[in-house]
S.K.: 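The structure follows.
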Amino acid sequence: MLLTISTTAQPATDLGFLLHKHPDRVQEFSQSFGTARVFYPEAGQERCTVALLLDVDPIALVRSRGKSSPDFSLSQYVNDRPYAASSLLAGALGDVFRTAKAGRCNTKPSLAATPIPLEIRLPALPCRGGPDLAHRLFEPLGWQVEAEAVPLDEGFPEWGESRYVRLTLTGTLRLADALNHLYVLLPVLDDGKHYWIASDEVDKLIRAGEGWLQPHPERGLITRRYLGHRRALERSAFARLAELGDDAEEALEPAVAEESTPEETAAEEAAVADAEEVPERPKPLNTLRREAVLATLDELGVSSVIDLGCGSGELVGALLGRPRFSRVAGTDVSALALMIAARKLKLDRMPDAKRARLTLFQGALTYTDKRLAGYEAAVLMEVVEHVDPPRLAALERVVFGGARPEHVIVTTPNIEYNVRYEFLTGLRHRDHRFEWTRAEFRSWATRVAQENGYSVIFKPVGDDDPELGSPTQMGIFSSGARETINTASLGPTKEDPRD
Ligand code: SAH
């Protein structure tokens, strides 16, 4: 099993820094199934290539699996594992290049954050769905794809094609993104049933897929295959993707995998029939959250709103759909998020009257910005937990001290509720810098309110568990200039010296 990654970003040997592997050495990493070796077939200033070679010991592979592992059969011993790049390669890649995959490089941080020219080659990749599927999976991510079916036997072309493709990917991407694409998509292309899917795979998928899986046109197929067609895991993954502020639920709709074999289809149907009653799918939390914010804005009676950290613009779209909001703005630090928002909002085809009510702009909430001011209400929906704790004070100053809307609605996860997510092992999102308990959120919000002359009340969003609280917590801040909500008594409201 072989994978090579080349770059022509100069000096090309910086690839060694990015991967944390020195170009002069051959390094070995022992894996549960054999050995992974990393070496550089070429390491020049102009072009540098790293190779990851797996030496798979089929006996070790079988022994490394848990007792409960399925599929005990001879095929575990007699198989193509040693020759084919697949889920083992993805696993080794995640292990050997862990730091690079996370996008960290202390010696060259800006290089790690920069797209560089890359060429990735996989000479023998098992690919159920053939070259066409390789195109469908990698092209939307910005790769140029060359995928060629490998003949079963070159001496006998009439035997037809094997299930392997020779894959070459070229593109200008961040190395971390490339590694995450491979980490998820190699096992997806293989679609083998041979590897054991642990319950933390949902977490791994959401983390590795961050930023690209959710908008991917094939996310349904990717999720189903990555999770080995295990329905419970798929449902959990779709719910988590939907949590990220997306309409991924629709990916759940084609209930049968695109190219399921008749046996698989029958098995899936039987599994559904077995379930005594199919529970109604609950509303995704991001929908509940949006509805709660809209209801609060209605209660407050405001007509101008700015969505701070608007992401892909779901709330902005909903606000624009209600004529009572005469001025709507969305801002985000991420240019990509704003591009997605513009696409989802169909900005280019928006009627003039609607377009005139909308302002979309890029900006960081940790720097004073005049454009943030002049709205009756501001929304910080699932944003504060993305800000590094040392920068949070800057955001407080910019929003509550500088922009000073009459009302600020803040939503954030309640970490106490996380035990309810069956397959969650860390925080809810890789980019969350923290998640607060109810007490922590209340103490933060109360201090911010007091320091800035606001009052604050709290509301649960989603199922309100008597012990754990609700999955999302919401704080509604009002400056007192125009209070329509009966605020909790926090003593007299401080005057804003500039009023
Ligand atoms: N409010 C949206 C998106 C939440 S995800 C929703 O609920 O669906 C968090 C968003 O905050 C991301 O889009 C991220 O780019 C943005 N963000 C994080 N830090 C930011 C900052 N300092 N300034 C502006 N936006 C920021």
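Each ligand, and each atom within it, is numbered from 1 in the order the structure gives.
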S.K.: Check this for me - ligand 1, Leu308, N or O atoms closer than 3.5 angstrom, yes or no?
M.R.: no
S.K.: Please indicate whether any nitrogen or oxygen in Ala364 is less than 3.5 Å from any nitrogen or oxygen in ligand 1.
M.R.: no
S.K.: With Arg327 as the cation and Tyr375 as the aromatic partner, state whether NZ or CZ is under 6.0 Å from the six-membered ring centre and within 45° of the axis.
M.R.: yes
S.K.: Counting heavy atoms only, which of Val316, Leu365, Val387 comes nearest to atom 19 (N) of ligand 1?
M.R.: Val387
S.K.: Which of the atoms in ligand 1, numbered in the order shown and given with their element, are less than 4.0 Å from a heavy-atom of Gly363?
M.R.: 23 (N), 24 (C)
S.K.: Can you tell which of Glu314, Arg289, Glu382, Arg290 gets a heavy atom nearest to atom 4 (C) of ligand 1?
M.R.: Glu382
S.K.: Answer yes or no for Ser312: is there a heavy-atom contact with ligand 1 below 4.0 Å?
M.R.: no
S.K.: Using a 3.5 Å distance criterion without hydrogens, assess whether the side chain of Glu119 forms a donor-acceptor pair with backbone atoms of Ser6.
M.R.: no
S.K.: Does a side-chain heavy-atom distance below 4.5 Å link Leu52 with Thr4?
M.R.: no
S.K.: Only heavy atoms count here, so choose which of Thr366, Asp431, Val333 is nearest to atom 24 (C) of ligand 1.
M.R.: Val333
S.K.: Between CZ of Arg207 and OH of Tyr183, what distance do you get to the nearest 0.5 Å?
M.R.: 10.5 Å
S.K.: Does the N or O separation between Met381 and ligand 1 drop below 3.5 Å for any pair?
M.R.: yes
S.K.: With heavy-atom distances below 4.5 Å as the criterion, would you say the side chains of Asp190 and Leu186 are in contact?
M.R.: no
S.K.: If you measure from the Lys or Arg side-chain nitrogens to the Asp or Glu carboxylate oxygens, is any gap between Glu314 and Arg289 under 4.0 Å?
M.R.: no
S.K.: Does the side chain of Ile415 reach to within under 4.5 Å of the side chain of Leu427, using non-hydrogen atoms?
M.R.: yes
S.K.: Could you pull out, from Val383, Asp388, Leu338, Asp332, the option with a heavy atom nearest to atom 14 (C) of ligand 1?
M.R.: Asp332
S.K.: Any idea which atoms of ligand 1 are less than 4.0 Å away from a heavy-atom of Ser334?
M.R.: 15 (O)
